[in-house]
**Q** 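Dropping the structure in here first, questions after.
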There are 2 protein chains.
Amino acid sequence: MSNTLPLNEAEMRAWRAVIDGSWHLQTRLDDELRAATGLSISDYHVLVLLSEAPDRRLRMGGIAGRLVFSPSRLTYQISAMEKRGLVRRQPCPDDRRGSEAVLTDAGLDALRQAAPGHLTAVRRYLVDDLDEAEAEVLTRVFTRLQAKLRETQ
Amino acid sequence: MSNTLPLNEAEMRAWRAVIDGSWHLQTRLDDELRAATGLSISDYHVLVLLSEAPDRRLRMGGIAGRLVFSPSRLTYQISAMEKRGLVRRQPCPDDRRGSEAVLTDAGLDALRQAAPGHLTAVRRYLVDDLDEAEAEVLTRVFTRLQAKLRETQ
DNA sequence: CGCTGGTCGTTCAGATTTTAAGGAAGTAGG
DNA sequence: CCTACTTCCTTAAAATCTGAACGACCAGCG
């Protein structure tokens, strides 16, 4: 139940800072990652997801759900990565409608090569400037946000 | 000068929460705004920017800079909005290379109609859950982030 | 002036994403 | 089994976005 007053000034400032800041940050990280490795931030996210998945494989729908990709976008994304040898596609064993994306060795290599630089950028732009309390607040606020987004579908 | 250690667990948690959370939030707000008003979040941002500008007009480059849009994207964006009557394009008086986008009355109406619902959504997903201290931290962190991004171009 | 080098938007081709429409399989009720 | 209904993913066409190339213009200099 949220009230419908316009945001007050502090709220507005916080809100705009978050929206603008996170957007600019995404853009910058994507640019740097592309320049350094040829991977887009989407490629990178897919690689991370698969690398952490049991047996390095996930259903299409699972990936799409986590990355908030439309099914067709995911199809395109995985196809593109498949062409470059980063992932392989396999029919899903227990559900013949579905297919799985599997991380290849080349894909894992690409991730291992990209990660340090990317994380350094994350550090440079954000993490290094956070003190412990700030990190804690960010984690709390954004985790709560995600929970709220999920619970409303 | 940032160190090159991998992120520790708390840092990683904070980082991922921010990235995922802000991305999901953007997506959700865009979806709701589209459904309610037919405006994309980009349309909305352009409208807000122009509505706050002196004389309701801005140079193309000025808009592109603030929204982190490529020049060609901005051209496309403004053209699309022009077709719908939300903005008008005018040659820039003091620099004949440039052009300005001017908010039309219809554009201002569209914004006024869209804003309350959008702000309510912002409230529902984020602002209402923030206490004062949290809002303050978010403002501080993301403002600092933007400054850092700007200073490295 | 006439040149040179830079800036401002636009345009065009190509890449990416969305939307709508299927095809193939799973699931439940009769 | 059949029939409907649903889910999973892909395809095709349309919308949007990016990057390179361009034309028009500004600014500085000889």
Side-chain angles (χ1 to χ4, degrees), chain A residues 23-24 26-35 38-46 49-50 53 57-84 86-102 153, chain B residues 23-24 26-35 37-46 49-50 57-84 86-102 153:
Chain A
W23 170 248
H24 287 224
Q26 292 264 22
T27 307
R28 178 66 61 88
L29 289 174
D30 186 61
D31 289 349
E32 293 196 3
L33 185 62
R34 268 176 206 281
L39 295 172
S40 71
I41 209 71
S42 297
D43 295 333
Y44 185 86
H45 285 327
V46 171
L49 219 48
L50 288 176
R57 71 180 55 222
L58 283 174
R59 288 286 292 262
M60 291 304 224
I63 304 176
R66 283 167 187 262
L67 297 184
V68 199
F69 276 24
S70 68
S72 53
R73 178 177 179 183
L74 206 271
T75 295
Y76 182 90
Q77 171 75 42
I78 295 295
S79 300
M81 293 179 74
E82 198 174 19
K83 273 181 202 150
R84 289 184 287 158
L86 301 173
V87 303
R88 219 163 358 112
R89 221 189 283 249
Q90 287 197 329
C92 184
D94 38 319
D95 182 345
R96 269 181 303 174
R97 290 169 305 178
S99 51
E100 298 181 321
V102 189
Q153 294 152 44
Chain B
W23 170 248
H24 286 224
Q26 292 265 23
T27 307
R28 178 67 60 88
L29 290 173
D30 187 58
D31 289 348
E32 293 195 2
L33 185 63
R34 268 176 207 281
T37 69
L39 295 173
S40 71
I41 211 69
S42 296
D43 295 333
Y44 184 85
H45 284 327
V46 170
L49 218 47
L50 288 176
R57 71 181 55 223
L58 282 173
R59 288 286 292 262
M60 291 307 212
I63 304 177
R66 281 167 189 260
L67 297 184
V68 198
F69 276 24
S70 67
S72 52
R73 178 177 180 184
L74 206 273
T75 295
Y76 182 90
Q77 171 76 42
I78 296 296
S79 300
M81 294 179 74
E82 198 175 20
K83 273 182 202 151
R84 288 184 287 158
L86 301 173
V87 301
R88 220 163 359 110
R89 222 189 283 250
Q90 287 198 328
C92 185
D94 38 319
D95 182 346
R96 271 182 301 175
R97 289 169 305 179
S99 50
E100 298 182 322
V102 189
Q153 294 155 41

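Naming: A, B, ... by sequence-line order, numbering from 1 per chain.
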**Q** Restricting to non-hydrogen atoms, name the atom on B/T75 and the atom on B/R89 that form the minimum distance, rounded to 0.1 Å.
**A** O-NH2, 3.8 Å
**Q** Would you kindly give the CZ-to-P distance between B/R59 and C/dT7, to the nearest whole Å?
**A** 13 Å
**Q** Write down the distance between CD (A/E82) and C1' (D/dC9), rounded to a whole number of angstrom.
**A** 13 Å
**Q** Want to settle it: does A/A80 or A/D94 sit nearer the 5' end of DNA chain C, counting the closest nucleotide to each?
**A** A/A80
**Q** Can you tell me which nucleotide in D/dC26, C/dG9, C/dG26 comes closest to the side chain of B/R96?
**A** D/dC26
**Q** In this structure, how many angstroms lie between the P atom of C/dA15 and the CD1 atom of A/I41, rounded?
**A** 21 Å
**Q** Which heavy atom in B/S40 sits nearest to a heavy atom in B/L33, and how many Å separate them?
**A** O-CD2, 3.6 Å
**Q** Among the nucleotides D/dA24, C/dA25, C/dG9, which one has an atom lying closest to any side-chain atom of A/R97?
**A** C/dA25
**Q** Roughly how far, to the nearest 0.5 Å, is the CG atom of A/L50 from the CD atom of A/E100?
**A** 10.0 Å
**Q** It should be established whether B/R89 places a side-chain nitrogen or oxygen under 4.0 Å from OP1 or OP2 of nucleotide C/dT10.
**A** yes
**Q** Quick one: is A/S99 getting a side-chain N or O under 4.0 Å of the D/dT10 phosphate, OP1 or OP2?
**A** yes
**Q** Whole angstroms only, please: what is the CZ-C1' distance between A/R84 and C/dT16?
**A** 13 Å
**Q** Under the side chain to side chain contact (heavy atoms under 4.5 Å, CB included) criterion, do A/I41 and A/R34 qualify, and how do the steps go?
**A** CA-CA 8 Å; A/I41 209 71; A/R34 268 176 206 281; over 6 Å; no
**Q** Using modelled atom types only, decide if a donor and an acceptor are shared between the side chain of A/Q90 and the backbone of A/V102 within a distance under 3.5 Å.
**A** no
**Q** When the distance from CG of A/D30 to C1' of C/dT17 is rounded to whole Å, what number comes out?
**A** 14 Å
**Q** CG of B/D43 versus C1' of D/dT16: gap in Å, rounded?
**A** 12 Å
**Q** To the closest 0.5 Å, what do you measure between CG (B/D30) and OH (B/Y44)?
**A** 12.5 Å
**Q** Students often get this wrong, so: under 4.0 angstrom with heavy atoms, is B/R34 touching a base, only sugar-phosphate, or nothing?
**A** nothing
**Q** Working to the nearest 0.5 angstrom, can you tell me the gap between B/T37 OG1 and B/E32 CD?
**A** 11.0 Å
**Q** Under 4.0 Å from any atom of DNA chain D, heavy atoms only: list the residues of residues 60-78 of chain A that qualify, in numerical order.
**A** A/M60, A/G61, A/P71, A/S72, A/T75
